[in-house]
Amino acid sequence: MKNLPLGIQTFSKIIEGNCYYVDKTEYVAKLANHGTYFFLSRPRRFGKSLFLDTLKEAYEGNEALFKGLFLEKNWDWSQKYPVIKISFGGGVTQSKVDLLEKINWLLQNNLKKLGIVSESKNPSNTFADLIKNTHEKYQQKVVILIDEYDKPILDVIDKEEVALQAREEL
């Protein structure tokens, strides 16, 4: 008997954990073949984080996870893409300083994961270096996935000035 994936937002954990999964991988193929920039807006608990993680696994070429799913036979598994995944979902951001530390931490994790170096101390320049240097290193288009982009604002929504600062930083 399969398990219910309650609270699991990681595609590999659902597949490897023998959990029920409604195959939405056809949408991954549609997104990949029709455009370049997407903003996915759905209500809370609608599976946006899981879908982004599914995109990550597909672009990174983790074919084994897609066995028996639509994408298994409808994706070019010989192509692998470097993925920059940024999620503001964990923790609570209470100030501009917290947000800048979080952004720096996320960027540093991606730099390390992809084996990229940036000498910049400015988050905007570090992000630009991350994209440019990743493209140069892998000679491949870079996939950028940003999840929970609004959480740092929602964390301080009751403090208008701090929320505006967070919006401007993001």
Side-chain angles (χ1 to χ4, degrees), residues 8-15 21-90 93 99-100 102-154 164 166-170:
I8 302 174
Q9 298 176 344
T10 307
F11 182 68
S12 63
K13 286 182 182 176
I14 288 176
I15 299 301
Y21 176 74
V22 176
D23 187 2
K24 303 271 177 112
T25 62
E26 183 175 351
Y27 297 108
V28 171
K30 285 181 179 180
L31 282 178
N33 294 321
H34 297 95
T36 55
Y37 301 101
F38 296 97
F39 178 81
L40 305 175
S41 176
R42 304 297 305 150
R44 287 180 47 78
R45 314 305 313 159
F46 255 67
K48 295 179 298 293
S49 295
L50 174 59
F51 186 70
L52 247 57
D53 196 66
T54 306
L55 282 168
K56 178 189 86 63
E57 297 293 352
Y59 278 112
E60 288 180 340
N62 295 318
E63 182 179 6
L65 294 174
F66 295 88
K67 191 161 189 63
L69 301 176
F70 177 86
L71 222 55
E72 178 186 21
K73 296 184 182 351
N74 296 284
W75 190 260
D76 181 359
W77 295 106
S78 68
Q79 291 283 349
K80 294 183 183 193
Y81 298 88
V83 175
I84 296 169
K85 186 174 180 196
I86 296 172
S87 176
F88 291 97
T93 305
L99 177 57
L100 289 172
K102 176 77 168 187
I103 291 170
N104 184 55
W105 183 82
L106 290 165
L107 292 171
Q108 292 304 317
N109 280 347
N110 277 279
L111 287 164
K112 185 176 179 181
K113 181 188 100 173
L114 294 164
I116 303 300
V117 175
S118 173
E119 302 299 324
S120 178
K121 302 296 180 212
N122 175 293
S124 294
N125 294 339
T126 302
F127 190 43
D129 286 348
L130 176 58
I131 296 166
K132 182 175 107 8
N133 296 345
T134 299
H135 173 69
E136 288 173 0
K137 177 178 179 177
Y138 293 93
Q139 293 298 300
Q140 200 53 273
K141 289 181 180 178
V142 178
V143 176
I144 303 167
L145 303 172
I146 302 175
D147 196 16
E148 302 277 353
Y149 75 94
D150 58 342
K151 187 172 181 311
I153 297 167
L154 295 175
L164 289 172
R167 184 190 72 186
E168 291 307 313
E169 256 339 291
L170 291 167

>> Could you walk me through whether Val28 and Phe51 satisfy the side-chain contact (heavy atoms from CB on, under 4.5 Å) test, starting with their C-alpha distance in whole Å, then the side-chain angles of each, then the deciding distance to 0.1 Å, before giving a yes or no?
In response: CA-CA 8 Å; Val28 171; Phe51 186 70; 3.7 Å; yes
Is there a donor-acceptor pair under 3.5 Å between the side chain of [X] and the backbone N or O of [Y]?
X      : Y      : answer
Lys56  : Leu145 : no
Asn62  : Leu65  : no
Lys113 : Lys85  : no
Tyr138 : Leu114 : yes
Asn110 : Leu106 : yes

Under 4.5 Å between any side-chain heavy atoms of [X] and [Y], yes or no?
X      : Y      : value
Lys137 : Ile116 : yes
Asp129 : Leu111 : no
Leu55  : Val143 : no
Phe66  : Trp75  : no
Asp150 : Phe88  : no

Distance in Å, [X] [atom1] paired with [Y] [atom2], rounded so as to fall on 0.5 Å steps:
X      : Y      : atom1 : atom2 : answer
Glu168 : Leu99  : CD    : CG    : 11.5 Å
Asn104 : Asn122 : CG    : CG    : 10.5 Å
Ser49  : Glu148 : OG    : CD    : 4.5 Å
Leu130 : Ser118 : CG    : OG    : 8.0 Å
Asp76  : Glu63  : CG    : CD    : 10.0 Å
Thr10  : Asp53  : OG1   : CG    : 5.0 Å

To check you understand the geometry: which heavy-atom pair defines the closest contact between [X] and [Y], and what is its length?
X      : Y      : answer
Trp77  : Ala58  : CZ3-O, 3.8 Å
Lys102 : Ser87  : CE-O, 4.0 Å
Leu100 : Glu169 : CD2-OE1, 3.3 Å
Lys141 : Pro82  : O-CD, 3.4 Å
Ala166 : Ile153 : CB-CG1, 4.1 Å
Thr126 : Ser120 : OG1-O, 3.2 Å

> Which salt bridge (Lys or Arg N to Asp or Glu O under 4.0 Å) pairs, counting each pair once, include a residue from residues 24-39, with sequence neighbours left out?
Replying inline: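 Matches after skipping sequence neighbours: Glu26-Lys30.
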> Looking at His135, Gln79, Lys80, which hits side chain to side chain donor-acceptor pair (under 3.5 Å) with Gln140?
Replying inline: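 Option passing the side chain to side chain donor-acceptor pair (under 3.5 Å) with Gln140: Gln79.
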>> Can you list everything that forms a salt bridge (Lys or Arg N to Asp or Glu O under 4.0 Å) with Asp147? Sequence neighbours excluded, please.
In response: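 For Asp147, no residue satisfies salt bridge (Lys or Arg N to Asp or Glu O under 4.0 Å) once neighbours in sequence are set aside.
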> Looking at residues at least two apart in the chain, or sitting in another chain, which of them share a ring-ring contact (aromatic ring centres under 6.0 Å, His included) with Phe39?
Replying inline: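 Phe39: ring-ring contact (aromatic ring centres under 6.0 Å, His included) contacts with Tyr149.
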>> Set out, in order, the CA-CA distance, both residues' side-chain angles and the distance that settles side-chain contact (heavy atoms from CB on, under 4.5 Å) for Leu107 and Ile86, then state yes or no.
In response: CA-CA 8 Å; Leu107 292 171; Ile86 296 172; 4.3 Å; yes
>> Are more than 12 heavy atoms, taken from residues, nucleotides or ligands other than Tyr27, located less than 6.0 Å from that residue's OH atom?
In response: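 No, not enclosed.
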>> Can you confirm whether more than 12 heavy atoms, excluding those of Glu119, are under 6.0 Å from its CD atom?
In response: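 Open: at most 12 neighbouring heavy atoms sit under 6.0 Å from CD of Glu119.
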> What do the steps show when you test Thr25 against Thr54 for side-chain contact (heavy atoms from CB on, under 4.5 Å), and what is the final call?
Replying inline: CA-CA 8 Å; Thr25 62; Thr54 306; 4.1 Å; yes
